[in-house]
Amino acid sequence: MTAQTEQERLLLGTSWGPRVLTWGALLVMTVLWLIPMAWAVNTSFKTEADAGALPLSWIPPDGFTLDSYRDVLAAGNLQNWFLNSVVVALMVTVLTMVVSALAAYGFSRTTFRGKNLLFALTIGSIMVPPQILVVPLFQQMVSWRLVDTYWGIALPQVIAPVMVFILKKFFDGVPVELEEAARIDGASRLRIFMSIVLPLSRPILAAVGIFVFINAWNNFLWPFIVTSEPELMTLPVGLPNVLSAYGQIYSQEMAAATLAGLPLIIVFMLFQRQIVQSVATTGLGGQ
């Protein structure tokens with residue numbers, strides 16, 4: 001009996017009743033979650049007349065069309081905003097992974113005065129709403145002359161206490177004996193971290209990178225505050241400006257939302273195995 005089968009037996013029992021109810025509930029929730037997404041994609045391929053017509057229908061009378069996608073791509077500066085989102089999301093992801101991994105390894109493997117207090121403050125900062133930090137962060141960006149720059153958008157998003165906690169939990173499970181053997185061979189702590197710990201942490205690093213990338217890609221509040229130049233706007237900031245200029249255009253709104261969410265779906269589909277594996281190995285799934 002595999003570990004997964006044993007886990008299912010412990011959670012659902014051996015009778016078919018709980019299994020049928022559980023899978024039935026999961027199927028219902030999946031359908032309820034997918035229907036809005038399917039409707040958004042369906043609406044994006046309709047003409048504006050069909051998108052606003054009553055009664056609503058999945059198959060439009062005038063047929064499906066790509067006009068909404070052409071109009072969205074032609075209006076505004078969508079390609080530039082897409083590039084800005086990619087650049088900012090990659091910057092935030094790389095910097096966050098570097099800072100969080102180093103901090104987590106320090107908390108996991110080193111001993112220094114005030115370590116427990118500093119770690120408690122790090123965990124406590126998770127409960128601080130990010131909206132509270134908007135004003136001081138903006139003043140800091142103004143003093144550093146980073147407003148309307150990539151660095152001004154990316155740097156305030158780099159600090160991620162949740163990712164520090166997740167990585168520390170994983171590093172705690174890495175066998176200390178491997179590091180001790182490398183230290184006997186003369187390897188420095190940085191060499192051990194780069195050559196031993198990080199290669200063993202690829203699943204969790206991939207998951208952390210995906211979570212950070214998605215959060216940075218979807219972030220609206222901070223890029224909206226720190227940017228005023230249309231050329232530096234990201235997709236979440238730029239798309240509402242274009243759409244509001246033309247009023248309520250349902251098919252174009254759904255087309256824009258589909259284009260903005262497509263990269264995230266692709267990233268998740270490519271790295272879903274790493275996400276599941278990281279959740280299982282770090283105990284975040286309640287195990």
Side-chain angles (χ1 to χ4, degrees), residues 37 40 44 68-101 103 125-164 208-268 271:
M37 296 183 59
S44 69
S68 296
Y69 288 92
R70 297 191 186 99
D71 294 339
V72 169
L73 292 173
N77 203 355
L78 187 66
Q79 294 84 348
N80 192 31
W81 295 337
F82 185 89
L83 178 61
N84 292 339
S85 293
V86 172
V87 172
V88 171
L90 289 177
M91 290 176 61
V92 173
T93 301
V94 173
L95 293 175
T96 301
M97 291 179 65
V98 172
V99 173
S100 299
S125 62
I126 298 176
M127 298 181 292
V128 178
Q131 294 81 2
I132 296 178
L133 304 176
V134 166
V135 174
L137 283 175
F138 182 77
Q139 292 177 341
Q140 187 176 15
M141 294 302 105
V142 171
S143 64
W144 290 357
R145 298 182 180 180
L146 293 179
V147 176
D148 282 327
T149 64
Y150 284 143
W151 289 108
I153 303 174
L155 284 179
Q157 304 183 60
V158 168
I159 306 303
V162 176
M163 302 307 166
V164 175
V208 167
I210 294 170
F211 293 144
V212 174
F213 183 89
I214 292 175
N215 183 68
W217 183 275
N218 290 328
N219 195 347
F220 169 80
L221 179 61
W222 178 249
F224 174 74
I225 291 175
V226 80
T227 57
S228 58
E229 296 293 334
E231 294 77 11
L232 286 171
M233 290 181 178
T234 58
L235 274 175
V237 179
L239 287 178
N241 293 335
V242 172
L243 299 178
S244 62
Y246 294 93
Q248 195 75 16
I249 306 178
Y250 297 108
S251 59
Q252 291 189 27
E253 289 180 356
M254 295 301 102
T258 302
L259 290 175
L262 186 60
L264 300 183
I265 297 176
I266 294 175
V267 169
F268 180 81
F271 297 99

- Task: Taking all non-hydrogen atoms of both residues into account, name the closest pair between M163 and S100 and its distance.
- Result: CB-OG, 3.9 Å

- Message: Looking at every heavy atom in both P230 and W81, which two are closest together, and how far apart are they?
- Response: O-NE1, 2.7 Å

- Query: So do Q139 and V135 actually touch side chain to side chain, heavy atoms under 4.5 Å?
  - Reply: yes

- Query: Which is it for V92 and W217 under the side chain to side chain contact (heavy atoms under 4.5 Å, CB included) test, yes or no, and what are the steps along the way?
  - Reply: CA-CA 9 Å; V92 173; W217 183 275; over 6 Å; no

- Which heavy-atom pair separates G209 from T93 by the least distance, and what is that distance? O-CG2, 3.5 Å

- Message: Quick check for you: to the nearest 0.5 Å, what is the distance between L259 atom CG and M254 atom CE?
- Response: 12.0 Å

- Roughly how far apart are I225 CD1 and L137 CG, rounded to 0.5 Å? 9.5 Å

- Task: Walk me through it: do L95 and L155 pass the test side chain to side chain contact (heavy atoms under 4.5 Å, CB included)?
- Result: CA-CA 8 Å; L95 293 175; L155 284 179; 4.3 Å; yes

- Item | Test side chain to side chain contact (heavy atoms under 4.5 Å, CB included) applied to V212 and N215, I210, I214, V208, the passing residue | V208

- Item | Side-chain heavy-atom pair L264, F213 within 4.5 angstrom cut-off | yes

- Query: Looking at side-chain heavy atoms only, is the closest gap between P236 and N219 below 4.5 Å?
  - Reply: no

- Message: Could you report the tightest heavy-atom contact between T234 and V88, atom names first, then the distance?
- Response: CG2-CG2, 4.4 Å

- Query: Measuring from N80:CG to E231:CD, what's the distance to the nearest 0.5 Å?
  - Reply: 7.0 Å

- Query: If every non-hydrogen atom of L232 is compared with every non-hydrogen atom of T149, which pair is closest and at what distance?
  - Reply: CD1-N, 4.0 Å

- What distance do T96 atom OG1 and M91 atom CE have between them, rounded to the nearest 0.5 Å? 10.5 Å

- Query: Is there a donor-acceptor pair closer than 3.5 Å between any side-chain N or O of S85 and the backbone N or O of L235?
  - Reply: yes

- Rounded distance [0.5 Å steps], CG in L221 versus CD in Q157: 10.0 Å

- Message: If you compare all heavy atoms of G152 against all heavy atoms of W222, which two are closest, and at what distance to 0.1 Å?
- Response: O-NE1, 2.9 Å

